[in-house]
Novice: 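Questions regarding the structure given below will be posed in turn.
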Amino acid sequence: MYAETRKIHLIEEVLKVNNEGLLVALESVIIKAKKTVTKKPSIYDFLGILSKKETKEMRKAIKESAEIINDGHFKEIPTLNIEKW
């Protein structure tokens, strides 16, 4: 069944409800479902997580690891201390 058809069928069934308790229960299910919808993570969600010192250390580690590649060949990889991230 297509989503639109299912929605129309559900609306028709809800319109037939005469029991206030059932209507309240249906409303609470919809409200709860809306609250549990997770949003797509944004880069802005991570603002302020790292200190300036940690950010500098991370940038340094990234820069050092970027220098590992030379003319398409890998150099020996130094041990990077990035476990805390």
Novice: Measuring from atom CD1 of Ile30 to atom NZ of Lys32, what distance do you get when rounded to the nearest 0.5 angstrom?
Specialist: 13.5 Å
Novice: So, applying side-chain contact (heavy atoms from CB on, under 4.5 Å) with Glu20, which one of Val24, Val17, Asn18 is it?
Specialist: Val24
Novice: What are the two closest non-hydrogen atoms of Leu50 and Met58, and how far apart are they?
Specialist: CD1-CE, 3.8 Å
Novice: Among Leu10, Leu15, Ile8, which residue meets the side-chain contact (heavy atoms from CB on, under 4.5 Å) test with Glu12?
Specialist: Ile8
Novice: Within this structure, what is the CD1-CD distance for the pair Ile31 and Glu27, rounded to the nearest 0.5 Å?
Specialist: 6.0 Å
Novice: Looking at residues at least two apart in the chain, or sitting in another chain, which of them share a salt bridge (charged side-chain N to carboxylate O under 4.0 Å, His left out) with Glu13?
Specialist: Lys16
